[in-house]
2 protein chains.
Amino acid sequence: MEVQLKRGSLEVCVLASLLKEDSYGYKIIQSLQEVVEISESTLYPILRRLEASNCLKSYSVEHNGRLRKFYSITEKGKDKIKEYLQDFQELMNIFNYIAKEVRKDD
Amino acid sequence: MEVQLKRGSLEVCVLASLLKEDSYGYKIIQSLQEVVEISESTLYPILRRLEASNCLKSYSVEHNGRLRKFYSITEKGKDKIKEYLQDFQELMNIFNYIAKEVRKDD
DNA sequence: CATAGTACTATGCGTTGTATAGTATTATAC
DNA sequence: GTATAATACTATACAACGCATAGTACTATG
């Protein structure tokens with residue numbers, strides 16, 4: 001999948017994965033595996049950005065003598081998901097236009 | 001519409017608009033108006049990129065004593081559209097996942 | 001005891017959408 | 001008759017984001 005096309009979607013994908021329950025970096029990558037390939041170098045900056053913009057809150061839990069950083073979604077994070085769902089409708093318009101022009105061309 | 005979400009789609013949108021007939025910068029902006037808002041500063045770099053990557057060819061036609069630059073789509077450009085249509089299916093998977101998680105949360 | 005898995009941080013790059021500004025001609029309106 | 005809008009394009013510079021790469025460090029498994 002072309003890199004550019006993922007832009008804006010990965011972030012929201014991560015947010016959505018936290019709706020059900022709080023989670024931490026490594027586990028988020030595992031749980032999103034089926035939906036989209038996301039690497040550490042992509043996820044961790046996303047988590048930091050989302051926390052900085054108050055879409056996520058974090059807290060640490062000790063696990064095997066080390067701290068595991070859990071993230072939980074905020075109301076602002078939920079709002080961001082809703083905005084995405086709306087924006088995606090517009091993107092669908094673009095997609096539909098392209099598909100339509102292709103059909104005309106056949 | 002969030003800027004990041006447009007990434008990768010605008011380019012293909014421009015390509016698709018040239019399937020029907022050759023066109024030039026100003027007219028492309030007009031014709032895409034209903035589908036997506038695209039400004040000069042977005043379109044012209046796209047046109048140059050697409051030409052540099054051989055997805056478009058260009059030729060100039062005199063109009064009112066000035067040269068008007070027409071673009072026509074190449075086979076490579078058409079291939080790029082097809083790739084986009086496929087990639088978009090993957091993006092839809094991401095979208096569907098997000099929408100599903102939101103429904104669960106209600 | 002080496003390898004794989006777990007868990008996270010830091011640095012840096014390329015692509016792309018867009019703002020801003022500049023150039024220059026023609027058509028319309030006051 | 002001159003100001004404004006429309007036409008048509010070029011050039012520069014920026015910010016955001018996905019991702020590659022590398023490093024740290026601990027635990028479990030064979």
Side-chain angles (χ1 to χ4, degrees), chain A residues 1-15 17 22-33 35-53 55-56 58-71 80 83-84 87 90-91 94, chain B residues 1-15 17 22-33 35-53 55-56 58-71 80 83-84 87 90-91 94:
Chain A
M1 181 175 182
E2 223 267 293
V3 184
Q4 303 301 328
L5 210 55
K6 296 185 188 171
R7 294 223 175 196
S9 293
L10 284 189
E11 213 172 75
V12 182
C13 198
V14 170
L15 280 174
S17 80
D22 297 357
S23 189
Y24 54 94
Y26 198 86
K27 201 179 165 193
I28 293 173
I29 291 177
Q30 309 296 83
S31 75
L32 285 183
Q33 208 79 6
V35 187
V36 63
E37 203 183 300
I38 185 167
S39 70
E40 292 176 279
S41 53
T42 301
L43 177 67
Y44 289 110
I46 283 177
L47 289 174
R48 265 178 252 134
R49 278 205 306 273
L50 288 174
E51 189 176 10
S53 61
C55 292
L56 292 180
S58 76
Y59 54 95
S60 291
V61 173
E62 204 181 312
H63 177 75
N64 283 332
R66 297 180 62 210
L67 290 178
R68 193 179 257 174
K69 212 167 166 186
F70 277 79
Y71 291 89
K80 188 149 188 167
E83 280 167 36
Y84 174 82
D87 278 357
E90 277 187 65
L91 190 60
I94 299 181
Chain B
M1 182 176 182
E2 222 268 293
V3 182
Q4 304 301 328
L5 212 53
K6 295 185 187 171
R7 296 225 173 196
S9 293
L10 284 187
E11 212 173 75
V12 182
C13 198
V14 170
L15 280 173
S17 80
D22 297 356
S23 189
Y24 54 94
Y26 198 86
K27 201 179 166 194
I28 294 173
I29 291 177
Q30 308 296 82
S31 74
L32 285 184
Q33 209 78 6
V35 187
V36 62
E37 203 184 301
I38 186 168
S39 70
E40 291 176 278
S41 54
T42 301
L43 178 67
Y44 288 111
I46 284 178
L47 289 174
R48 267 178 251 134
R49 278 205 306 273
L50 288 174
E51 190 176 10
S53 60
C55 292
L56 291 179
S58 77
Y59 54 94
S60 290
V61 173
E62 205 181 313
H63 177 75
N64 283 333
R66 297 179 63 210
L67 290 178
R68 193 180 260 176
K69 212 167 165 186
F70 277 80
Y71 291 89
K80 189 150 187 164
E83 281 167 37
Y84 174 82
D87 278 356
E90 279 188 64
L91 190 61
I94 298 180

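Lettering of chains follows the sequences in order, A, B, ..., and the numbering in each one begins at 1. These numbers come from the heavy atoms of this one structure, side chains and all, not from hydrogens, waters or symmetry mates.
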Pick base, sugar-phosphate or nothing for [X], based on heavy-atom distances below 4.0 Å to the nucleic acid.
X	value
B:Q30	sugar-phosphate
A:I38	nothing
A:I46	sugar-phosphate
A:E40	base

Rounding to a whole Å, what distance do you find between [X]:[atom1] and [N]:[atom2]?
X	N	atom1	atom2	answer
B:Q4	D:dA15	CD	P	13 Å
A:L10	C:dT15	CG	C1'	15 Å
B:I94	D:dC17	CD1	P	15 Å
A:Y71	C:dC8	OH	P	7 Å
B:I29	D:dA6	CD1	P	14 Å
B:Q33	D:dA6	CD	C1'	13 Å
B:L43	D:dT7	CG	C1'	14 Å
B:Y24	D:dT10	OH	P	14 Å

Query raised in the report: When the nearest nucleotide of DNA chain C is assigned to A:E2 and to A:G25 on a heavy-atom basis, which residue is associated with the more 5' position?
Result: A:G25
**Report entry** Step-by-step side-chain contact (heavy atoms from CB on, under 4.5 Å) determination, B:I46 to B:L10
**Finding:** CA-CA 8 Å; B:I46 284 178; B:L10 284 187; 3.9 Å; yes
OP1, OP2 of [N] versus side-chain N and O of [X]: anything below 4.0 Å?
X	N	answer
B:R49	C:dT16	yes
A:K27	C:dT6	no
B:Y44	D:dT10	no
B:T42	C:dT18	yes
B:R48	D:dC9	no

Query raised in the report: Nearest to the side chain of A:R7 - D:dC19, D:dG18, C:dG5?
Result: D:dG18
Requested in this report: Return yes if a side-chain donor-acceptor contact under 3.5 Å exists between B:S58 and B:Y24, otherwise no.
Outcome: no
Report task. Examine distances only and state if a side-chain atom of A:T42 and a backbone atom of A:I38 form a donor-acceptor pair shorter than 3.5 Å. Result -> no
Report summary line: Partner of B:Q4 under side-chain contact (heavy atoms from CB on, under 4.5 Å), picked from B:R7, B:K6, B:M1, is B:R7
Query raised in the report: Starting at the 5' end of DNA chain D and moving along, which residue's nearest nucleotide shows up first, B:K69 or A:G8?
Result: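 Going by which nucleotide is closer to the 5' end, it is B:K69.
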**Report entry** Where A:D87 and B:E2 come nearest, the two heavy atoms and their spacing
**Finding:** OD2-N, 3.0 Å
